[in-house]
Every structure is written in C-alpha cells, then in structure tokens.
Amino acid sequence: MAIIDSLVVFVVSALIGGLGIYVGAALLAGSRSYGRAVWTALIGALVWVVVDALFGWLGVVGWLLTWLAYLAVIKSRYRGGWLTAAGIALVGWIAAAVVLSVLAGLGVGGFSATGIPRL
C-alpha cells in the first residue's frame with residue numbers, strides 16, 4: 001500500500017507543479033498546453049535534482065547553477081528569453097503555493113509541487 005500512496009503523492013504533486021507552470025506559461029508565453037507544462041515540471045524536477053547533486057555542495061554558486069539549469073529547461077520549452085523563463089517560474093511558484101494552501105485548508109495535506117522548486 002505504501003507504494004501506491006507514494007505513486008499517488010508523486011502524480012498529484014506533478015499535476016500541481018504542472019498547473020503552476022501552465023499558469024505562468026499561459027500568462028507570459030501564450031502557451032495553452034497543460035500536458036507540456038506537466039512534462040516541463042517533470043523535466044525541471046529531474047534537472048534540478050541532478051544539478052543540485054553535482055553542484056549543491058558549492059553553496060550559493062551551486063544554488064545559482066541549479067536555478068540556472070532549471071530556468072534553462074523552462075526557456076527551452078517555451079518561447080521567450082531568460083526573463084520570461086524566470087517569470088514563468090515565479091508565477092508557477094505562486095500558483096502552486098495557492099493550490100497547496102487551498103488543499104491544506106481543505107484538510108488535504110502531504111503534497112508538494114513537483115517541478116516547482118522551493119525558494
């Protein structure tokens with residue numbers, strides 16, 4: 001049962017992260033594909049984990065490299081430059097925080113937003 005619970009948490013977290021990126025991409029890049037946003041969230045999460053594992057020990061430099069790698073994923077998946085990618089990430093973080101707050105208010109906790117880094 002623990003495997004099923006973990007899978008449900010992962011899927012819901014990916015959907016929440018995708019929703020955040022979808023909102024940001026819709027507002028700033030004109031994208032209307034939720035599926036693309038979910039894939040972006042999953043790819044971004046994977047890149048975040050790999051780059052953080054390789055460079056996270058460098059303190060602020062490692063943190064900056066990890067963020068740049070994450071933004072590079074968003075930039076590569078949506079039209080616009082680095083500022084657009086940063087805006088999508090910021091709006092995505094805000095949107096995911098709102099969704100998670102609403103879920104917590106409804107008594108549904110234990111989820112995060114896969115693909116939306118914590119600040």
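Throughout, residue positions are numbered sequentially from 1 according to the sequence presented.
Leu65 CG to Leu68 CG: the interatomic distance, rounded to the nearest 0.5 Å, is 6.5 Å. Taking CG of Leu100 as the start and OG of Ser13 as the end, the distance is 7.5 Å to the nearest 0.5 Å.
Nearest heavy-atom pair, Ala14 versus Leu42, reported as atom, atom and distance to 0.1 Å: CB-CD2, 3.8 Å. Nearest heavy-atom pair, Ala95 versus Gly20, reported as atom, atom and distance to 0.1 Å: CB-CA, 3.9 Å. Ala89 approaches Tyr70 most closely through the heavy-atom pair CB-CE2, 3.9 Å. Closest approach of Ala69 and Val47 over heavy atoms only: CB-CG1, 3.7 Å.
Here the rule is ring pair (Phe, Tyr, Trp, His ring centres under 6.0 Å) with Trp67, and of Trp93, Trp82, Trp48 only Trp48 fits it.
Hydrophobic clustering (side-chain heavy atoms under 4.5 Å, transitive across Ile, Leu, Val, Met, Phe, Trp, Tyr) keeps Val51 apart from Leu64. Under a hydrophobic-cluster definition in which Ile, Leu, Val, Met, Phe, Trp and Tyr are linked whenever side-chain heavy atoms come within less than 4.5 Å, directly or via other members, Val11 and Tyr22 are assigned to the same cluster. Both Leu103 and Leu7 belong to a single network of hydrophobic side chains, linked directly or stepwise wherever heavy atoms of I, L, V, M, F, W or Y lie under 4.5 Å apart. Neither Ile21 nor Ile43 shares a network with the other; the hydrophobic side chains, linked directly or stepwise wherever heavy atoms of I, L, V, M, F, W or Y lie under 4.5 Å apart, form separate groups for each. Leu46 and Phe55 fall within the same hydrophobic cluster, defined by Ile, Leu, Val, Met, Phe, Trp and Tyr side-chain heavy atoms under 4.5 Å apart, directly or through other members.
Considering only residues two or more places apart in sequence or on other chains, Ala45 meets the side-chain contact (heavy atoms from CB on, under 4.5 Å) condition with Thr114. With sequence neighbours left out, the side-chain contact (heavy atoms from CB on, under 4.5 Å) criterion links Ala96 to Ile16, Ala113, Ile116.
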side-chain contact (heavy atoms from CB on, under 4.5 Å) evaluation trace for Ile88 with Tyr78 | CA-CA 9 Å; Ile88 290 171; Tyr78 294 101; 4.1 Å; yes
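Enclosure of atom CG in Leu83 is not indicated, since only 12 or fewer non-hydrogen atoms of other residues, nucleotides or ligands lie within 6.0 angstrom.
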Solution key, residues 25-38 side-chain donor-acceptor pairs under 3.5 Å, sequence neighbours excluded:
residue, atom, partner, partner atom, Å
Arg32, NH1, Ala26, O, 3.3
Ser33, OG, Arg36, N, 3.1
Tyr34, OH, Leu15, O, 2.8
Arg36, NE, Arg77, O, 2.7
Arg36, NH2, Arg77, O, 2.6

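Contact annotation: the side chain of Leu58 never approaches that of Trp63 to less than 4.5 Å [non-hydrogen atoms, C-beta and beyond].
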